[in-house]
Amino acid sequence: MDQTLPDSTIDQAAVTITDETDLIGVRHTLRAHARAAGLSLVDETKLITAGSELARNILVHAAGAGGRLDVQQVMRDRRRGVRATFTDEGPGIEDLDAALTDGFSTAGSLGLGLPGSRRLVDELTISSSPGSGTTVTIVKWQRR
């Protein structure tokens, strides 16, 4: 079971996502947590890339409702990691399986956002249904 690190200097943070300028705060927050958790530069970059895509999805798909990033350092089996949870109050995802398929898009994009994010991180979970918003949680673990 994951545990939040109680002894970390950067253990939790939140970023409101309402416009393009908030993407900078998302990236900065994820970078700070990745470094504090001891992630390699490659894993830090993967986490930031996945997080940027998920934050952008909030801007594109949440119908102007905006959203939020909650990030924290976690520990499992003596490994440190970063858990980032992206939440919005938008219309939700009608077909999760399709949304996680390369090339599927409801916004006319390449349809690589969610499946690409899933490939970049160690864990990705999605909770969504039409009319109830979406929550996507990603975790990136320190390499052994």
Side-chain angles (χ1 to χ4, degrees), residues 1-5 8-63 65-130 132-144:
M1 173 146 203
D2 296 356
Q3 294 182 349
T4 302
L5 289 178
S8 175
T9 54
I10 304 175
D11 53 41
Q12 294 186 69
V15 178
T16 302
I17 304 167
T18 57
D19 63 45
E20 292 278 331
T21 62
D22 296 324
L23 297 178
I24 296 166
V26 166
R27 292 179 192 123
H28 174 77
T29 300
L30 290 172
R31 179 175 290 111
H33 277 75
R35 289 181 179 172
L39 298 185
S40 70
L41 180 58
V42 170
D43 287 337
E44 173 186 322
T45 302
K46 288 178 178 182
L47 176 69
I48 293 166
T49 302
S52 290
E53 180 59 36
L54 296 172
R56 185 167 300 285
N57 280 355
I58 288 173
L59 295 176
V60 171
H61 298 287
R68 175 183 169 113
L69 161 64
D70 291 293
V71 60
Q72 60 188 183
Q73 292 183 42
V74 291
M75 181 174 278
R76 180 190 296 157
D77 299 329
R78 297 185 182 186
R79 285 175 51 197
R80 295 169 73 107
V82 177
R83 177 188 302 131
T85 302
F86 296 83
T87 307
D88 70 57
E89 298 299 323
I93 300 172
E94 205 166 308
D95 186 344
L96 284 175
D97 289 333
L100 287 166
T101 303
D102 284 335
F104 177 83
S105 175
T106 59
S109 68
L110 294 175
L112 299 174
L114 282 174
S117 294
R118 180 172 57 182
R119 285 189 291 271
L120 291 170
V121 297
D122 299 314
E123 300 172 22
L124 182 142
T125 57
I126 300 176
S127 172
S128 184
S129 59
S132 68
T134 301
T135 299
V136 180
T137 300
I138 57 174
V139 180
K140 191 70 179 165
W141 293 105
Q142 187 181 50
R143 298 290 148 218
R144 292 184 188 242

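Computed from a predicted structure; not experimentally measured.
At a cut-off of 3.5 Å, with distance as the only test, a side-chain donor of Arg83 or Gln72 sits close to an acceptor on the other residue. With 3.5 Å as the limit, one finds no donor-acceptor pair spanning the side chains of Ser127 and Thr135.
Residues Leu114 and Ile126 meet the side-chain proximity criterion, which asks for heavy atoms closer than 4.5 Å. Residues Arg80 and Trp141 fail the side-chain proximity criterion, which asks for heavy atoms closer than 4.5 Å. Between Asp70 and Val15, the closest side-chain pair of non-hydrogen atoms is not below 4.5 Å.
Remark: Ser132 pairs with Ser129 by the side-chain contact (heavy atoms from CB on, under 4.5 Å) rule, at least two apart or across chains. With sequence neighbours excluded, the residues that form a side-chain contact (heavy atoms from CB on, under 4.5 Å) with Leu120 are Lys46, Thr49, Ala50. Shown here are the side-chain hydrogen bond (donor to acceptor under 3.5 Å, both in side chains) partners of Arg79, two or more places apart in sequence or in another chain: there are none. For Ala34, the side-chain contact (heavy atoms from CB on, under 4.5 Å) partners two or more places apart in sequence, or in a different chain, are Leu39, Glu44, Leu47. Evaluation of the side-chain hydrogen bond (donor to acceptor under 3.5 Å, both in side chains) rule for Ser128 yields Thr134 as partners, not counting sequence neighbours. Residues passing the side-chain contact (heavy atoms from CB on, under 4.5 Å) test with Thr16, sequence neighbours excluded: Thr18.
The backbone N or O of Thr29 lies less than 3.5 Å from a partner atom in the side chain of His33, making a donor-acceptor pair. With hydrogens and angles disregarded, a donor-acceptor distance shorter than 3.5 Å links the side chain of Asp22 to the backbone of Asp19.
What you find for Ser52 and Arg27 is that their closest heavy atoms are OG-NE, 2.9 Å. Heavy atoms only, all atoms of each residue included: Gly66 and Ile58 are closest at C-CG2, 3.6 Å. Of all non-hydrogen atoms in Leu23 and Ala55, the two that sit nearest each other are CD2-CB, 3.4 Å. Pairing each heavy atom of Leu69 with each of Ala84, the nearest pair is CD1-CB, 3.7 Å. Smallest separation of non-hydrogen atoms from Ala37 and Val82: CB-CG2, 3.9 Å. Taking each heavy atom of His61 and Pro91 in turn, the nearest pair found is O-CD, 3.2 Å.
A salt bridge links Glu20 with Arg56; the closest basic N to acidic carboxylate O contact falls under 4.0 Å. Salt bridge status for Glu53 with Arg118: absent, with no side-chain N to carboxylate O gap under 4.0 Å. Salt bridge Arg143/Asp122: present, at least one basic N to carboxylate O contact under 4.0 Å.
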#### Entry: Thr137 and Phe86: CA distance, side-chain angles, deciding distance, side chain to side chain contact (heavy atoms under 4.5 Å, CB included) verdict
CA-CA 6 Å; Thr137 300; Phe86 296 83; over 6 Å; no
### Message
Please determine whether side chain to side chain contact (heavy atoms under 4.5 Å, CB included) holds for the pair Val71 and Thr85, giving the CA-CA distance in whole Å, both sets of side-chain angles, and the decisive distance to 0.1 Å.
### Response
CA-CA 6 Å; Val71 60; Thr85 302; over 6 Å; no
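Atom CG in Leu54 sits 11.5 Å away from atom CG in Leu59 (nearest 0.5 Å).
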